[in-house]
Amino acid sequence: MIIKMHQIVPGQIEQQDPELLVLLVPAGQSGFTGHDYPQALTDTISHYQALGDWHEKSKYLLCLSPTQIKAKRLLLVNTDMDIPVSQARQTSQLIDGTLKQLNLTEAQLFMPPWLTNSQRLIHALYHASYRFADYKTSPQPALPEKIELLVCNDELQDELAYATALHTGKCISRDLANMPGNLCTPTYFAQQALLLAERYSSITTEILDEQQLAELGMGAYLAVGRGSAQPTCMPVMHYRGTLSDVPTIWVIGKGITFDTGGITLKKPPGMQNMIYDMCGGAAVAGLMAALAELKLAVNVTGVIATAENMPDGDAFRPGDILTTMSGQTVEIISTDAEGRLVLCDAITYARQHNPALIIDVATLTGAQIVSLGSHASGLMGNSPALNQALEKAGEDSDDRAWTMPIWPDYQEPLDSPFADMRNAGSNSPGMITAGCYLARFAGDTPWAHLDIAGTSFHYGTGNSATGRPLPLLLQFLRNYSNLSAAQWSIDTDACGFLP
Ligand code: BES
Ligand code: MN
Ligand code: ZN
């Protein structure tokens, strides 16, 4: 679906003749008085008020065949002037649901001058229009194609362009994340990464295969996929949005295409959800597309740390000692703590390329869901300045993250009698322990980790990928691109987070 803008004066609303016209009515007011609307609209509202269909407590009303205006159908929706996230989503779902119910593909929405936060509604409209191409063979309702925003000035132009780029990225990300393990394999990820490079001249892609990963010494990364019939690989995508040689930001996504837990096998009900264990990798692919659409002046390299975690005669086992690319050794406590194993080697790889900073995004722990639920991603890192910038980007984009401590005090559960560390604690605070594990590989490179287990898909019901944390990541890079290097200071020395 695409959202377009069409500039009008309020007096022309009655002249529009869409199949469906959506008008927002400010909360606490039943009509449009004082807002410079044409008389015909006021009369239309009065008509429905007289009928008793529209009153002060009405949330919305669908009016079929209104007589005073040219629109064929009119949807009235009550909203606050400073529209909250929940209301923007409800309103968007209502518009989307109405289109579906009437089997329509287009609508017009008047953006009233009194609405602050209009961009929030635009993002929500895009979000609600998403459909996962399901695998039903029977005919399905028509897809929404276009929403035309009727606006009084062109103030929203930049925000609409931004939202459209974000939407393009989110659709790519949600499609990949929603695809089950038999359809989205590591090889499929690699193909999609190559397609992005074909589609956008600002992106180049390289795929590291098993042999190259072995030559690099990625003993932890490769162990995860050893039980799978699907070959392991590591797609690396380079987006260059600026010619100046500013250092590159590396974004690494966990892309486990299915996580059975391996030899430490998961139980059936939870295992079903593990088709979403590649939401991090999917977010990285979507991010690259969004950056290319926006032509944002930053340099970003995206890594999809992908493998399939299966039990097999050749699978890695609990007790195994692996040598990571960093040279540090890891004793495997649980083959189900596999995400950190692909991530730690990807982080080491990134560090060898002189990054400005590293961000990893991963459906890493069930403990994140227990701690923060679906409202905020768990944020951990070795740089307070970077943490703050990411928290702010989360606030700015309605995709919040909350900083958790990874003090050295939390490192102890990772002690191993045989190796440099274990890959999991027992009865330790799981989200933080995972963050502490990754911190050992980030060293003194500015690094942040987002645990998105609870935010990137709807656990249990709904079963659909949300596209998070792409809004946060794109917002962070947008904020970052607006800063000069001097304004942007990242301190790792003052933080005391290093183990
Ligand atoms: N992919 C899971 C984490 C997860 C669980 C994501 C539920 C989304 C929903 C991860 O690989 C995992 O299994 N983590 C273990 C770690 C433990 C063995 C230390 C967990 O959280 O139980
Ligand atoms: Mn696991
Ligand atoms: Zn996993």
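Order of appearance sets the numbers: ligands from 1, and atoms from 1 within every ligand. Hydrogens, waters and symmetry mates are skipped; everything else that's a heavy atom, side chains included, is used.
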Original post:
Is there a donor-acceptor contact under 3.5 Å from the side chain of Y188 to the main chain of N182?
Top reply: no

Original post:
Between W250 and Y349, what is the ring plane arrangement, given parallel below 30°, perpendicular above 60°, and tilted in between?
Top reply: perpendicular

Original post:
Can you find a heavy atom in the side chain of L390 that is under 4.5 Å from one in the side chain of I359?
Top reply: yes

Subject >> Apex the Zn ion (ligand 3) - arms OD2 from D277 and OE2 from E338 - angle rounded to 10° >> reply: 100°

Original post:
How are the rings of W447 and H449 set to each other: parallel, tilted or perpendicular (split at 30° and 60°)?
Top reply: parallel

**OP:** Output the atom name for the N/O/S atom of E338 with the smallest distance to the Mn ion (ligand 2).
**Re:** OE1

Subject >> Euclidean distance, D399 CG relative to L450 CG, rounded to 0.5 Å >> reply: 8.5 Å

Subject >> R174 NZ/CZ over F132 ring centroid, <6.0 Å and within 45° of normal >> reply: no

**OP:** Show your working on salt bridge (charged side-chain N to carboxylate O under 4.0 Å, His left out) between D277 and K266 and close with a plain yes or no.
**Re:** CA-CA 13 Å; D277 213 17; K266 283 184 186 295; over 6 Å; no

Put together the list of close N/O pairs, under 3.5 Å, between ligand 1 and the protein, could you?
| residue | atom | partner | partner atom | Å |
| --- | --- | --- | --- | --- |
| ligand 1 | 1 (N) | K254 | NZ | 3.3 |
| ligand 1 | 1 (N) | D259 | OD2 | 3.3 |
| ligand 1 | 1 (N) | D277 | OD1 | 2.8 |
| ligand 1 | 1 (N) | D277 | OD2 | 3.0 |
| ligand 1 | 1 (N) | T363 | O | 3.3 |
| ligand 1 | 11 (O) | K254 | NZ | 3.2 |
| ligand 1 | 11 (O) | D259 | OD2 | 2.9 |
| ligand 1 | 11 (O) | D336 | O | 3.1 |
| ligand 1 | 11 (O) | E338 | OE1 | 2.8 |
| ligand 1 | 11 (O) | E338 | OE2 | 3.0 |
| ligand 1 | 13 (O) | K266 | NZ | 2.8 |
| ligand 1 | 13 (O) | D336 | O | 3.0 |
| ligand 1 | 13 (O) | D336 | OD1 | 2.8 |
| ligand 1 | 13 (O) | D336 | OD2 | 3.2 |
| ligand 1 | 14 (N) | L364 | O | 3.4 |
| ligand 1 | 21 (O) | G366 | N | 2.7 |

**OP:** Considering just N/O/S atoms, say which atom of D259 is closest to the Mn ion (ligand 2).
**Re:** OD2

Original post:
Are any non-hydrogen side-chain atoms of E338 and D336 less than 4.5 angstrom apart?
Top reply: yes

Subject >> K254 backbone or side-chain N/O/S under 2.8 Å from the Zn ion (ligand 3) >> reply: yes

Original post:
Within less than 2.8 Å of the Zn ion (ligand 3), any N, O or S from D259?
Top reply: yes

Original post:
Measuring to the Mn ion (ligand 2), does D277 have an N/O/S atom at a distance below 2.8 Å?
Top reply: no

Original post:
Hey, are Q93 and T91 close enough side-chain-wise for a donor-acceptor pair under 3.5 Å?
Top reply: no

